[in-house]
Amino acid sequence: MDKNEEIIKTAHRRYATKKFDADKKICDKDWDTIMEVGRLSPSAFGFSPWKFLLIENDDVKKDIYEDAWGAQNSLNGASHFLIILAKKGITATSKYVQHITEDVSGHHFAPDSPFSKKFDDFQKTQFDLTDDRKQFDWACKQTYIALANMMTAAAELDIDSCAIEGFNRSKIEDILTQKGILDPKEWGVSVMAGFGYRDQDITPKKRQPMDEVYKVIK
């Protein structure tokens with residue numbers, strides 16, 4: 001099998017698992033690899049506006065169970081249950097952008113630098129990221145890049161996964177805030193995911209044909 005065939009095989013191998021085998025656990029080495037792939041994922045302007053919460057606490061799982069209705073199968077059996085947060089309030093002059101610029105990228109931060117002006121223009125005039133909700137939604141989009149990479153990495157390791165949007169965001173955030181896990185001024189819940197080993201058969205993927213989703217513009 002050549003490399004191209006291996007890649008397509010992995011795409012077929014990745015499956016939205018609804019039933020996990022609770023007796024099978026992901027080893028630390030494999031999980032560390034999945035997390036490192038998430039950490040190394042690309043994001044707009046390199047801001048990495050995400051935080052990954054691995055929920056191992058049974059009380060937390062129990063408390064979010066009712067309001068995370070789409071996650072219940074994962075909470076019942078997945079080896080690892082992840083909540084991904086997205087950063088709020090990202091602007092050209094925010095402390096978070098200054099932190100990424102100076103502490104992560106190793107560059108000097110200045111609110112009037114060409115980079116700061118470019119990002120400010122991007123937000124205000126090009127992408128209309130002009131209020132808190134729009135900025136948060138934009139950050140959430142970045143977390144999906146990391147999640148997709150993690151799910152593909154998992155499939156490469158013969159580990160199953162399920163991306164989850166089925167939850168009441170405000171109620172989940174309230175629960176996490178009350179438990180001191182979440183600072184709602186700085187972070188919001190973007191998406192969840194279960195990782196583990198399926199206890200069900202994979203069914204063939206049903207997708208639109210290539211000619212309906214792909215067009216070459218010459």
Side-chain angles (χ1 to χ4, degrees), residues 32-55 64 67-68 70-71 82-154 161 163-193 213-218:
D32 290 345
T33 296
I34 293 169
M35 288 306 308
E36 183 68 355
V37 167
R39 187 183 74 87
L40 293 173
S41 293
S43 60
F45 292 86
F47 288 155
S48 303
W50 48 60
K51 184 174 289 186
F52 307 110
L53 304 181
L54 177 61
I55 308 300
I64 69 172
D67 295 309
L82 201 67
I83 297 177
I84 303 180
L85 307 181
K87 189 72 177 72
K88 293 182 176 180
I90 295 179
T91 65
T93 58
S94 62
K95 290 183 178 179
Y96 183 80
V97 169
Q98 182 175 352
H99 160 64
I100 295 296
T101 302
E102 295 182 339
D103 302 328
V104 179
S105 299
H107 299 303
H108 173 68
F109 173 80
D112 59 350
S113 70
F115 178 81
S116 295
K117 290 180 178 179
K118 181 180 180 180
F119 181 57
D120 187 61
D121 179 67
F122 166 78
Q123 282 197 308
K124 293 179 179 178
T125 66
Q126 298 182 37
F127 254 56
D128 189 30
L129 305 176
T130 52
D131 61 42
D132 291 342
R133 180 55 193 255
K134 290 177 181 179
Q135 291 166 4
F136 175 66
D137 287 345
W138 175 78
C140 286
K141 292 178 181 179
Q142 312 309 311
T143 71
Y144 279 66
I145 300 173
L147 176 58
N149 286 343
M150 294 167 72
M151 294 169 68
T152 300
S161 62
I164 300 158
E165 282 188 325
F167 55 88
N168 185 312
R169 174 180 280 148
S170 62
K171 290 185 177 181
I172 296 297
E173 289 180 348
D174 285 345
I175 293 169
L176 297 180
T177 299
Q178 292 169 12
K179 291 182 173 295
I181 298 171
L182 175 71
D183 180 352
K185 294 181 180 179
E186 299 292 332
W187 299 92
V189 174
S190 173
V191 66
M192 303 175 178
V213 299
Y214 174 61
K215 184 177 182 179
V216 178
I217 310 299
K218 294 185 177 181

Q | Note, Met35 side chain near Met150 side chain (heavy atom, < 4.5 Å) | A | yes
Counting only pairs under 3.5 Å, give me each side-chain donor-acceptor contact of residues 171-181, with atom names and distances, residues two or more places apart or in other chains.
| unit_1 | atom_1 | unit_2 | atom_2 | d |
| --- | --- | --- | --- | --- |
| Glu173 | OE2 | Val189 | N | 2.8 |
| Thr177 | OG1 | Glu173 | O | 2.7 |
| Lys179 | NZ | Asp63 | OD2 | 2.7 |

Q | Set of residues satisfying side chain to side chain contact (heavy atoms under 4.5 Å, CB included) with respect to Ala154, sequence neighbours excluded | A | Ile34, Ile159, Phe195
**Q.** Pro42 side chain reached by Ile145 side chain, heavy atoms, under 4.5 Å
**A.** yes
**Q.** Spatial distance of atom OG (Ser41) from atom CD (Glu36) [nearest 0.5 Å]
**A.** 10.0 Å
(Q) For residues 109-123, which residue pairs pass the salt bridge (charged side-chain N to carboxylate O under 4.0 Å, His left out) check, not counting sequence neighbours? (A) Asp120-Lys124
(Q) Using modelled atom types and a 3.5 Å cut-off, is there a donor and acceptor pairing between side-chain atoms of Gln135 and backbone atoms of Leu129? (A) yes
(Q) For the backbone of Phe109 and the side chain of Ser113, can you confirm whether one donor and one acceptor N or O come within less than 3.5 Å of each other? (A) no
Q) Closest approach of Met192 and Leu147, non-hydrogen atoms and distance? A) O-CD2, 4.4 Å
Q | Residue pairs, two or more places apart or on separate chains, that pass salt bridge (charged side-chain N to carboxylate O under 4.0 Å, His left out) and touch residues 125-135 | A | Asp128-Lys134, Arg133-Asp137
Q) Between Lys87 and Trp187, is NZ or CZ placed under 6.0 angstrom from the six-membered ring centre and within 45° of the ring axis? A) yes
Q. Is Val97 close to Ile90 at the side-chain level, that is, under 4.5 Å between some pair of heavy atoms?
A. yes
Q) Who are the salt bridge (charged side-chain N to carboxylate O under 4.0 Å, His left out) partners of Arg169, not counting sequence neighbours? A) none
Q: Could you tell me whether the side chain of Gln98 and the main chain of Ser94 form a donor-acceptor pair under 3.5 Å?
A: no
Q | Partner set under ring pair (Phe, Tyr, Trp, His ring centres under 6.0 Å) for Phe47, not counting sequence neighbours | A | Phe45, Phe119
**Q.** Any donor-acceptor pair under 3.5 Å from Ser190 side chain to Thr143 backbone
**A.** no
Q: Using a 4.5 Å cut-off on heavy atoms from C-beta on, say whether the side chain of Val191 contacts that of Cys140.
A: no
